[in-house]
Asks: 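Mind having a look at this structure? Questions to follow.
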2 protein chains.
Amino acid sequence: MNVMNDSPRRKELTRQAAQLFVQEGFDRTTVRMLAQEMGIKSGSLFHHFRDKQEILAAVIEEGTENALGIARAALDDCDSDPASRLHAMARAHLETLLTDRNAHVVALYEWRRLDAPARAHLSHLRDAYEALWEEVIDDALAAGLIRGDRFLVSRFVMGALNWTVRWYDPDGERTPDELAGELVAMLTHPAG
Amino acid sequence: MNVMNDSPRRKELTRQAAQLFVQEGFDRTTVRMLAQEMGIKSGSLFHHFRDKQEILAAVIEEGTENALGIARAALDDCDSDPASRLHAMARAHLETLLTDRNAHVVALYEWRRLDAPARAHLSHLRDAYEALWEEVIDDALAAGLIRGDRFLVSRFVMGALNWTVRWYDPDGERTPDELAGELVAMLTHPAG
DNA sequence: GATTTACACTAGCGCTTGCTTGGTTGACCC
DNA sequence: GGGTCAACCAAGCAAGCGCTAGTGTAAATC
């Protein structure tokens, strides 16, 4: 029972678990389904993870870390004006759906299935991601690029973006960059 | 086995089921939990519903019908200019969280758990609700009140609003009317 | 007064669930 | 060449699952 290692094998199993969690939902995914997807027997699964909950925690941890990493890189790479930063964050969010869709979707929609200890541990990661957003939105508000209440605007924007997992097809015609542009255009006002 | 009646008793049971589905999720809610919440034994439950699936369908049907009714009434009661209609729709959406939160939340987040026949039957209701939104957004676009792609704007707005179930407290300080105002202010542009 | 209906009960069947146990395999190591 | 170790397997346990069968009963209907 390798409780808390991050062997490459475990990473790969986590990736496959994410896929099933998205397809079926966490509760409907049985350990036997997971094992079959991984090409092992159900008992062997518990050599890598303490229990089913820990698999979910591993998936969500990876999804959130990935999103955080992409967002930070995007902010580092873009111009420092509020409009560019807003665009960069939106694009980064959509790009996570491209590079690691499954884990990100699980992080969004199966959060409630985490038990209390796992939730406590992972909420720091999540807070860090949301903090990035609030900072960018604060700057945009201060620059008069968008208008409204700080709290509400960030909630509305996060909602619009998180909802994209229900309809956005990353292999479709619109690139994350284009889509981010549309969102920013909708939000911002021409005469700052 | 009253397969398709809508007795007051069944209505009340449906309401209680919605509460549990929100708290625990559909898959984690057992028929025994449902029965206990309803004050009966688990076997008696199947006098009112054919199976567990039918309980979910009943909850979602009621939630969507409620949202549709409130939205239609709001459109009938408001001024006919695009801004008023947009505001009315947003307010109506938030008011459903006030009058029938549980059923509405279940309709949003447990849709995938419906089996194929139930989904086919209920998707008409859902389409009717979304059609109202698209009509209102079309008018707002035509009037130059908001800008952007028709498809994308409606998805973004629906996302922002549907996300409210995760943070909005209808008993809190902000009324649905105020919140709808903030959303419209964020979206619309002063000089049409 | 007899029959039907609506609603509830008890008891449990057949199956699946997450997880455990005890043991095997093959690669690597001093 | 004995020891270690991660990785896996076969078998199955205890609990819980959705659901059914058969029965009781009070009120409504004939």
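The structure displayed is predicted, hence computed values, not measured ones. Each chain gets a letter, A, B and so on, in the order the sequences are listed, and its residues count up from 1.
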Asks: Is the centre of the B:Phe26 ring less than 6.0 Å from the centre of the B:Trp111 ring?
Replies: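 That pair fails the under 6.0 Å test.
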Asks: Which residues pass the salt bridge (charged side-chain N to carboxylate O under 4.0 Å, His left out) test with B:Glu130, not counting sequence neighbours?
Replies: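 Counting only residues at least two positions away or on another chain, B:Glu130 forms no salt bridge (charged side-chain N to carboxylate O under 4.0 Å, His left out).
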Asks: Who pairs with B:Arg85 by side-chain hydrogen bond (donor to acceptor under 3.5 Å, both in side chains), at least two apart in sequence or on another chain?
Replies: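 Here the qualifying residues are B:Glu135.
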Asks: Measure the distance from CZ on A:Arg9 to C1' on D:dC5 and round it to the nearest whole Å.
Replies: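 It is 16 Å, rounded to the nearest whole Å.
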Asks: Expressed in angstrom and rounded to an integer, what is the separation of A:Phe46 atom CZ from C:dT17 atom P?
Replies: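 Roughly 12 Å, once rounded to whole Å.
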Asks: In whole Å, what is the span from the CG atom of B:Leu45 to the P atom of C:dC7?
Replies: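 To the nearest whole Å, that distance equals 13 Å.
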Asks: Expressed in angstrom and rounded to an integer, what is the separation of B:Gln53 atom CD from D:dG18 atom P?
Replies: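 Taking CD of B:Gln53 and P of D:dG18, I get 11 Å after rounding.
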Asks: Under a 4.0 Å heavy-atom cut-off, which of residues 25-41 of chain B touch DNA chain D?
Replies: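 Hits under 4.0 Å, by residue number: B:Thr29, B:Thr30, B:Val31, B:Arg32.
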Asks: Please list all pairs passing the side chain to side chain donor-acceptor pair (under 3.5 Å) test where one or both residues lie in residues 71-84 of chain A, with sequence neighbours left out.
Replies: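 Pairs touching residues 71-84 of chain A that pass the test: A:Asp81-A:Ser84.
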Asks: May I ask you to evaluate whether A:Ser44 reaches the phosphate of D:dA7, defined as a side-chain N or O under 4.0 Å from OP1 or OP2?
Replies: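 So the side-chain polar atoms of A:Ser44 never come under 4.0 Å of the phosphate oxygens OP1 or OP2 of D:dA7.
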Asks: When you check the phosphate oxygens OP1 and OP2 of D:dA7, does a side-chain N or O of A:His47 lie under 4.0 Å from one of them?
Replies: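 For D:dA7, OP1/OP2 do have a side-chain N/O of A:His47 under 4.0 Å.
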Asks: Nearest whole angstrom, please: distance from the C1' of D:dT20 to the NZ of B:Lys52.
Replies: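 My rounded result for the distance is 17 Å.
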Asks: Run the salt bridge (charged side-chain N to carboxylate O under 4.0 Å, His left out) test against B:Arg150 and tell me which residues pass, sequence neighbours left out.
Replies: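 Checked B:Arg150 against salt bridge (charged side-chain N to carboxylate O under 4.0 Å, His left out); matches are B:Glu134, B:Asp138.
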Asks: Could you state the atom-to-atom distance from CZ of A:Phe49 to C1' of D:dA6 in whole Å?
Replies: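 Taking CZ of A:Phe49 and C1' of D:dA6, I get 15 Å after rounding.
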Asks: If you look only at pairs with a residue in residues 26-41 of chain B, which of them pass as a side chain to side chain donor-acceptor pair (under 3.5 Å), with sequence neighbours excluded?
Replies: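 Only A:Asp27-B:Arg28, B:Asp27-B:Arg113 qualify under side chain to side chain donor-acceptor pair (under 3.5 Å).
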Asks: If you assign B:Leu13 and B:Ser42 each to the DNA chain C nucleotide with the nearest heavy atom, which residue ends up on the more 5' nucleotide?
Replies: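 Looking at the nearest nucleotide for each, B:Leu13 comes out on the 5' side.
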